[in-house]
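Here the structure comes first, spelled out in C-alpha cells, and everything after it is commentary.
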Amino acid sequence: MSFVNPDNLIAVALVINRSRDGPAFVFHYPPVVLPVSADADYPGDAADSEDMLLERLSRPLFRDADDHGSLSKHGGTRGGGGNNRHSYDEHTMSDSGTQTVPWESVAGFPTRDLASILTPARPYHKKLFQLSLDPLLCVSYPIHVPESGKWKRAKKNKPGRPSSVADDEIPATSRAPSIAVSAPSAPTDSDGAVDKEKDKDKKEEDEEKRSSMTMFNLVFILQPKKDQTRELVDALYANIAKKVNKAFKYSQQHSDFVWKESKKILATKDRAREDRKRMSQLWKELLQQYSLAASVHDIFEAVSQNRIATLHLDTAAGVLSPSVQIPAPFYVADLPLPDEARRARGLWLTTANAFLTQDALEEPGFLDRNFGLLLMEDEKKIIAELQADGDPSALPMVEFVRLSKPTMSFYQVGQSNILSLSQVRKFAQHFIFWRRAIAIPPLHARDTYVVSPNCDLSRLPEASASWQRAFPLAPPLANLLSDMSVCPRPYKTFCPSKVHRPLYLRMLAWLVRGGWVTQLCTFAYVVVWPEIVYQVDYEMEAEELEGPTPSTSPHSAGAVSSVSPMSTAVPTRPHNQLSRLDDDDQDGDEVGAAVLSPASTSSALSASLAHAGEPGKGRQASIASTASASASDVTATTASGSLPSTAGAVPIPSTTERAAEAARLARIAQRVSREAADKAAAHARKVVPEVTAHPSTNRSAHLAGIAPHIILDAKKTTGPESRYLAAIASRLRDDRIRQAWATMCRYFDGHSALERIALQEEMKRKEAWTLLTAMSEYLICTRHW
C-alpha cells in the first residue's frame, strides 16, 4: 500500500503547445521546486555519471543554496537561514548580463526544455504518458486538439435548419434563439462590402482558433520509491490525471477556458519578467486572478495531503466544480511496514475487503448481504447538513442516513418500504466517495472483537476524552480496551445486561470507526482424515480391478456373435498396466507390431467380448484371443500353400513374422495376467475399510503412514478430492446436515469468514452455527482479523 504525500509528489505543472510559438510552460506549483539528488533515496545511484552531470548543471541556478542552508520542496527552509528565500525569489544577473528568472527552472531543469519534452505527439492523445528524469518521474494524460483543428465540436443541425459555422463556435448557453425573418432583398453595394468585411473578420477569427493551442498537458512530477512506482502511478493516473485533464478538455471545448487562461498567465509572467517582479508576489497574483492557476494549486495541496480536490473553474459558460481524489485507504489487511506505519497507524485492520474474489463480486447480492454502512461522523450532524441545503432531492438521503445502521446490511436496509435496494447502493457509494462513511461487515453482539494491533495508542488520551463525552455512563476507554485484550470472547459478554446491548453496540461502532478494535473471524478448510483417504483409495483400486462394466451380457453367445466389431469398444485395462505394456513394447521381445488381417481382428474382438464379463481378465483375454487368431491364420495359410491376393491392400506379413507376433502377444498376455493376479491378491490382503464415528481419532495400524489431506478450496475440487467430499457427506448422520454440506463447502476456502454464512444464506445465526458444529469433525479452523 502506497500513499501520495509531499515526499513523493514533487510538483504539478501545466504545459501547452502552440502551432506558431511552440511549447510553453504555463504554470507550476509549488513555485520553488529544488533539484532532487538521486542519492537521497537511492545511494547506489549517486555514482552514476548522468546524475552527477544533472547535479552540476543545476548548481548555477541555485548557487546560494549551499551557503545559506537547503530549502524544502515547497520553498521553506530547513535548519534556519532566514535570508535563503530571498535568493530564490529575486531575479539575478550574471557577469555576462544574462538574467536568471526564478520561475524559469523546475527541479533544476529549465522550463523551456521541460515544455519541449512534456508535449508528446498525437499518438499519446488520451493515453498514459510517462517520462523518467531519474530520479523524477513525470505522469500525465495529454489532450490534443481534434482532427478538425478546432476544440469545439460541430453541433448536429436539426432537420430543416441550415448549418452555420458561427453556431458551431458559440457556446450553447450563449447562443441566441433563431427568429423567423422575411426573405432578404437583393444586396446593395454597401451591404456587399459589409458582408465581405464580416467574412474577413470571421476568417481571421477561425484562423486564430485553428493556429493557437494544439494540445495541453497537466503533468504530475513524482519521486516514488522503486518498489512503489507502479502502484503510485496507476492510482494517480486513473483517479487524478485522467479525470482532471478530461474536465479541462470539457471546459476548453465549451468556452475556450484553458487557452484563454493560459494566454493571460503567460502574458502576466512576461510582464513580471520585464518588471523583475518577485516570484512570491507573482505567484500570489496568479492564484488570485486566474482559476486555472488556482486549480493547479488546489490539486497539489489536496492530492499530497490525501484529501478530496474540489476545483472551481470560472469559465465563460459558468463555474465548473469537478471533484477528484485518490480513494483514501480506510483499512489495511496486514500490519504496515515500518516506513508506512506512521501514516497507516489507526486504520481499521481487516481482511474482509482483501479476500474478495472476482467470483464473489460478480455474485448477485453478495456485497449487499455482507456489508453495511458505518458513518464516520455523528448521524445528527450529517442530517443537519443535508437539511440545511434545502434541496428536495436530499430528503431520500436523509432517510437513508436514519435507516442505515452499522448492525444492518445494505440488503436489510433495502427491505424497507421507504428506499429501494438501488437507492441504498447509490447513496452508500455517495457517502463512501465523500469519505463520510465506510463499508464494514454488519456488527453483531455475538461476534468476537479484539483490540486492533494497528491502533494508534498515542491518541489514547485525546480519544478517552471524546469517549467520555459520547458515553458518559460507559466504562473508561482504557479499561474497556484492557478487558477486550485479555481473552477473545463474544462481545455480548461485556454488556451488563441485555437492556444495555443497544448502547454497547453504539460503543462498538465508535471503537471500529477509530480503528481501536477489529473483528476476530473464523476461517475453515476441509480436512480429510487418513481413514477417509484409505477408504477412497481402497474403493478406487477395487473399481480399477473390476474393470469397466460391459454393455452386452457375457452369458449370451448369440448376442456376442451378433455384435459388430466396428461399433464395440475393446475392454480397457488399468492405466498402470498400460504403462508397463508400453515399456515392454518399446523393449521389443521379438519384432515390431504386425498388421493383422481383417479376419484375425474380427476374431480377436469377438473373443475379447466373450471374456469381458470376467473381472480383471478383459485385456488378457483380448491379447490371448488375438494370439490364437494369428496362430490359426498361420496354420490355414500353411495348409493352403498360397496367400490371398494383396493387390491394392496393405502387405500381409510373412508366416514367420505372424508366428513371432503371436508368440509375443501370448507372452504379454501371460505377464499381464500374472501382474493382475498379484495386484488382486495384494488388494485382497488389505484391511477392508471400516467407518468409525470419529475418523479423526482412528489410529489403526493400516492407517500408519497416511497423512491427513487438506482441501484448500472445497468449491473447486476435482478427481480424488471430490470423492473425499462425497465420502464425508455420506458419514454425516443427519439428513439436514448432509444436504447442507454441499452448500457450506463453498465457504471452506480459508478466505470466507464463517460468521458471514448466516447473512449470505439468509439463515439464523444459531442454525448456521449448529450446522457448522455438526461438521466440525471434518474442518480445520483458523482465526484472524
Side-chain angles (χ1 to χ4, degrees), residues 302 306-310 312 321-325 327-331 346-348 352-353 367-445 449 459 462-474 477 491 495 499-517 519 759:
N306 279 305
R307 300 197 306 264
I308 300 176
T310 301
H312 298 280
S321 300
S323 298
V324 295
Q325 65 163 317
F330 60 88
Y331 76 95
L347 291 180
W348 176 40
N353 302 305
L367 296 178
D368 297 335
R369 298 178 189 275
N370 285 271
F371 288 90
L373 196 72
L374 175 62
L375 297 174
M376 300 304 290
E377 297 179 357
D378 184 63
E379 174 185 329
K380 297 179 180 179
K381 178 182 178 181
I382 295 177
I383 292 178
E385 292 178 359
L386 292 173
Q387 292 176 340
D389 292 341
D391 188 357
S393 61
L395 293 178
M397 200 173 295
V398 172
E399 294 299 325
F400 170 74
V401 174
R402 287 174 176 166
L403 290 174
S404 292
K405 305 297 179 185
T407 56
M408 301 173 61
S409 66
F410 295 137
Y411 177 79
Q412 292 171 331
V413 177
Q415 296 306 303
S416 65
N417 297 326
I418 301 176
L419 298 174
S420 64
L421 189 56
S422 61
Q423 287 179 307
V424 171
R425 293 196 199 101
K426 181 178 68 174
F427 294 151
Q429 291 174 357
H430 173 83
F431 282 102
I432 293 173
F433 176 84
W434 289 102
R435 305 184 184 182
R436 308 299 292 273
I438 62 175
I440 64 168
L443 304 178
H444 200 281
Y449 298 89
R459 297 190 295 110
E462 179 185 355
S464 298
S466 301
W467 169 271
Q468 207 62 35
R469 288 193 300 269
F471 310 103
L473 302 179
L477 177 60
Y491 181 71
C495 303
V499 178
H500 294 81
R501 189 168 295 180
L503 172 62
Y504 269 71
L505 284 175
R506 291 198 299 272
M507 293 162 53
L508 178 62
W510 192 97
L511 294 172
V512 175
R513 184 183 298 119
W516 294 104
V517 300
Q519 184 179 359
L759 288 171

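To the nearest 0.5 angstrom, I383 atom CD1 is 8.5 Å from E399 atom CD. With rounding to the nearest 0.5 angstrom, the CG atom of L505 is 6.5 Å from the SG atom of C495. Residue I438 holds its CD1 atom at 5.0 Å from CG of L374, rounded to the nearest 0.5 Å. Between atom CG of residue N370 and atom CZ of residue F410 there is a gap of 11.0 Å, rounded to the nearest 0.5 Å. Distance check, rounded to the nearest 0.5 Å: CG of L375 to NZ of K381 gives 12.0 Å. Interatomic distance, T407 OG1 to R501 CZ, rounded to the nearest 0.5 Å: 12.0 Å.
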### Query
Going through the distances and angles, do K426 and H430 end up as a side-chain contact (heavy atoms from CB on, under 4.5 Å)?
CA-CA 6 Å; K426 181 178 68 174; H430 173 83; 5.9 Å; no

### Query
Given L443 and Y449, is the side-chain contact (heavy atoms from CB on, under 4.5 Å) satisfied, shown in steps?
CA-CA 10 Å; L443 304 178; Y449 298 89; 3.6 Å; yes

### Task
Determine, stepwise, if the pair L419 / F427 fulfils side-chain contact (heavy atoms from CB on, under 4.5 Å).
CA-CA 10 Å; L419 298 174; F427 294 151; 4.2 Å; yes

#### Entry: From CA spacing to verdict: side-chain contact (heavy atoms from CB on, under 4.5 Å), V401, L373
CA-CA 9 Å; V401 174; L373 196 72; over 6 Å; no

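Between the side chains of R469 and S466, a donor-acceptor pair is found at a separation under 3.5 Å.
For the residue pair H312 and S321, the shortest heavy atom distance occurs at ND1-OG, 3.5 Å. In this structure, S422 and S420 approach most closely via the heavy-atom pair OG-OG, 3.1 Å.
Within the 4.5 Å cutoff, the side chain of P406 has no heavy atoms near those of the V512 side chain. Contact annotation: the side chain of E379 approaches that of R402 to within less than 4.5 Å [non-hydrogen atoms, C-beta and beyond]. Inter-residue side-chain proximity for F371 and S409 is flagged as unmet; no heavy-atom pair is nearer than 4.5 Å.
Q325 places no side-chain N or O within donor-acceptor distance of the main-chain N or O of W434, the cut-off being under 3.5 Å. A donor-acceptor pair under 3.5 Å is absent between the side-chain atoms of R436 and the main chain of E377, judged by distance alone. No side-chain donor-acceptor contact under 3.5 Å links E462 to the backbone of R459. Y491 places a side-chain N or O within donor-acceptor distance of the main-chain N or O of Y504, the cut-off being under 3.5 Å.
The aromatic rings of W510 and W467 sit perpendicular to each other, their planes meeting at more than 60°, with 30° as the lower class boundary.
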